[in-house]
Structure formats: structure tokens, C-alpha cells
There are 2 protein chains.
Amino acid sequence: MSRANPLYLRDADLRNAMELLFFAYRDFTAEPDSILARYGFGRAHHRVIYFVGASPGMAVNDLLGILKITKQSLSRVLSQLLRGDFIEQKTDKTDRRRRLLFLTEKGRELEALISERQSALIARAYREAGADAVAGFCTVLRGLINEQDRNRFPGE
Amino acid sequence: MSRANPLYLRDADLRNAMELLFFAYRDFTAEPDSILARYGFGRAHHRVIYFVGASPGMAVNDLLGILKITKQSLSRVLSQLLRGDFIEQKTDKTDRRRRLLFLTEKGRELEALISERQSALIARAYREAGADAVAGFCTVLRGLINEQDRNRFPGE
DNA sequence: GCATATATGTCAACAAGGCTGACATATTAT
DNA sequence: ATAATATGTCAGCCTTGTTGACATATATGC
């Protein structure tokens, strides 16, 4: 593969990648941030809502592993979402220590509102770039992720 | 282009992109953060060092436009870098209101230390993915960036 | 030349969201 | 019974964003 596509990586190419990541991430999160601000929430709340929405019934520990933050940091955000009735917890029947997380109707609505915007942004970029570019985009991003979490994504 | 490469975007594909961006950015910034912590600095300091290193002699206003933060936020970080002798300012000769920013030797060293790690991470992902994938990666990321800043990057 | 706009800096107060450390409780596993 | 696990909570700290107010130097327009 690397012999079929020999890459002559100049310093400028690598710096280009760093800047693309910075600007893309900056702009990708700008609109969600402004929506969340209307609810008194921040990006941390969105991450929780997003991942709980993607995997309903996940345990608190699973979320900690994804976000890679401390349980104290998560606790603050999670408590606010619980109090605001965006998320609900149910005790796991097979292991009653575990609290399984679900979005409420309200939570699903907020999740959908934000995801719609982000989906639209990505869909536009995807369509403008074409299918081959999209495949490359996913392959490279996947390669930037650590070995463990990389397996969450298809590829190889 | 979109007719040559019709894309059937399922919800799952778009969510996949969101998660790739989250995980890649998380892991891309993890190592720099830990290096910076040894200097008592954070990610904001890195951004300044990075962009000043990339465009020596840029003015404060240019940097504000890139980072999209308030001058008060930048001021705090910039003052620390000036006091710590990582960055120096020179008055613009043609417009003496402007302060042009440069890395000091110390600043260049820190910038290089961090960039080496990030370059290595990107270079590995690039090599594993191949040249075509890299091109696609850049095209899609570029498409996620707002119209103005998009022109900082080659393409089209 | 005077008024206005621009580039920069600074003070103060506040909020989000990271962190550490300590401690508590319920439940499961050994 | 004891130890480990999953979760929660309190307290305090740091970084990095915000707003608002104000100051200074310099450039520009009329």
C-alpha cells in the first residue's frame, strides 16, 4: 500500500494537515456551540447527549472511556442533564451497580436539532468532495485515532 | 462531480464522520497537551506559538482572526508567552500601531518539539492511508471550513 | 489640524469545563 | 468476610473562553 502510493511528505504537507484539522474542528463546533448556549449548555453537554443518543443504554463508565475525562468532570455535566430532564438513568438489571443512560424525549429533540446542523455541514462537504475523497477522509482520520478506539470504525 | 460520484449518505455515514472528527481531534491534541503542561502552558499557548511560527511577523489582529477569540483572551496567553520569552514583538515600521509577532529561539524550540510529535502522528496516518486517501482527507476537511478561511488552503 | 477610526493593551468579573484529592455507598466478585 | 467495582459528591484549583469599560498610540479622512 505505501509502496503502491509512495508519499513524499514535506514539512508543509504536515503543517497543512494540522491547520486543516484546527480550522475544520473550529468551524464544525461553532454552530452547535451557539445552539447549546441557548440552553445554558456547552460542548461538554453535547458530547454526552450525542454519545448517549448513539448508544442508548450505555453505562457511565463507557462514556468516561470515550470522553477521556474524569468522572468528576462528567458528573457535573451529567447531573445538569439529568436535572434538566434531557437524560434519564435506569439501573442495570444484571449488575445493579451500573446506571444505564438514555435520552429523554427532550434530550432526543436537542440531539436531533444539533445533529441536523452538523449533518448538513458534513453532507455538503461530502457531496462536494465525492465518494473517493470521503473514503480517504475516513481512512486518514481513522489512522489518527489510537489503536483501541480505532476499532469502533469500519476499515481494514 | 457529484453526478460522477453520486453519494448515498445515510445517517450512519454522517454520524460516523462526526465521531471520527471527535476521536481524531481528541487524540491529535492529547500529546501536545501533555508536553505543554510541563511548561505550565495549555492548548491556547500552543495555537499562538504554532501560528506565529508558521507566519513570522504576523500582527496581533491577524492572529485574532485565525483563532476567533477575543483580544482579552488572546492577551492573557500572549502576555505569558512574551514574559516567558517565547515570543517577541516588533513595531511595524510602516504602521507603528501594529505589533508584529515573532518566535524567539526558545519559542522555536518549543514549537518544534510539539510539531515533531504531531507531524509524526500525521505522517504515519498519511503513509498508512496512501496518497489518494490523503488528497481526499484534505478535500473534505477543506470543505468543512468556512468560505473565507478555506482559501488559506490549496484546492479547486 | 481636528475628528474619527484602528491596533493594541489592560483591568475586573464571570462561566465552562478540565483537574486532583478525599470520601461515601451500593453491589458484585473472590 | 474481604476486596474490587461502579457510581456519586464535596471542595478547591487552573485554563481559557466571555463581556464591559477604559486607555494610549497612530493613522486616516475631511
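Model, not experiment: these values are computed from the prediction.
Shown here is Arg152(A), whose CZ atom has more than 12 heavy atoms of other residues, nucleotides or ligands within 6.0 Å.
Proximity note for Ser73(B) (side chain, C-beta onward) versus dT10(C), dT18(D), dG17(D): the nearest is dT18(D). The side chain of Asn61(B) has dA7(C) as its nearest neighbour among dA7(C), dT7(D), dC19(C). Among dA27(D), dT27(C), dC22(D), the nucleotide with an atom closest to any side-chain atom of Asp95(B) is dA27(D). Taking every side-chain heavy atom of Arg47(B) into account, dG17(D) is the closest of dG18(C), dG17(D), dT10(C). Set against dC22(D), dT7(D), dG17(C), the side chain of Arg99(A) has dT7(D) as its closest nucleotide. For Arg96(B), the side-chain atoms get nearest to dA27(D) when compared with the rest of dT9(D), dA7(C), dA27(D). Comparing dG9(C), dT19(D), dT7(D) by their closest approach to the side chain of Thr70(B) singles out dT19(D).
Rounded to whole angstrom, the span from the CG atom of Asp92(A) across to the C1' atom of dA29(C) amounts to 16 Å. Rounding to whole angstrom units, CD1 of residue Ile69(A) and C1' of dT20(C) are separated by 14 Å. As rounded to whole Å, 8 Å separates atom P of dG8(D) from atom CG of Leu101(A). What separates CG of Leu81(A) from P of dG8(D) is a distance of 13 Å, to the nearest Å. Atom P of nucleotide dT15(D) and atom CG of Leu74(B) are separated by 16 Å, given to the nearest angstrom. Distance CZ (Arg98(B)) to P (dG9(C)): 12 Å, rounded to an integer number of Å. We find that CZ of Arg83(A) is positioned 12 Å from C1' of dT9(D), with the value rounded to whole Å.
A sub-4.0 Å separation between OP1 or OP2 of dG8(D) and a side-chain N or O of Gln89(A) is present. Look at His45(A) and you'll find a side-chain N or O under 4.0 angstrom from OP1 or OP2 of dG17(C).
Judged by distance alone, the side chain of Arg43(B) and the main-chain N or O of Pro32(B) form no donor-acceptor pair under 3.5 Å.
One N or O donor and one acceptor, one from the side chain of Arg76(A) and one from the base of dG18(C), sit under 3.5 Å apart. You won't find any donor-acceptor pair under 3.5 Å spanning the side chain of Arg97(B) and the base of dT8(C), going by distance alone. Counting distance only, with no hydrogens placed and no angle test, the side-chain atoms of Gln72(A) and the base atoms of dG18(C) include no donor-acceptor pair under 3.5 Å.
Taking the ring centroids of Tyr50(A) and Phe22(B), they lie at or beyond the 6.0 Å cut-off.
Of the two residues near DNA chain C, Ala59(B) and Lys93(A), the one whose nearest nucleotide lies more 5' is Ala59(B). Nucleotides of DNA chain C nearest to Thr94(A) and Lys71(A) differ in position, and the one nearer the 5' end is that of Lys71(A).
Counting heavy atoms from C-beta outward, Asp92(A) and Arg99(A) have side chains that stay 4.5 Å or more apart.
Taking the six-membered ring for Trp and thresholds of 30 and 60 degrees, Tyr25(B) and Tyr25(A) have nearly parallel ring planes, at less than 30 degrees apart.
Phe102(A) and Leu78(A) end up in different hydrophobic clusters when Ile, Leu, Val, Met, Phe, Trp and Tyr side chains are linked at under 4.5 Å.
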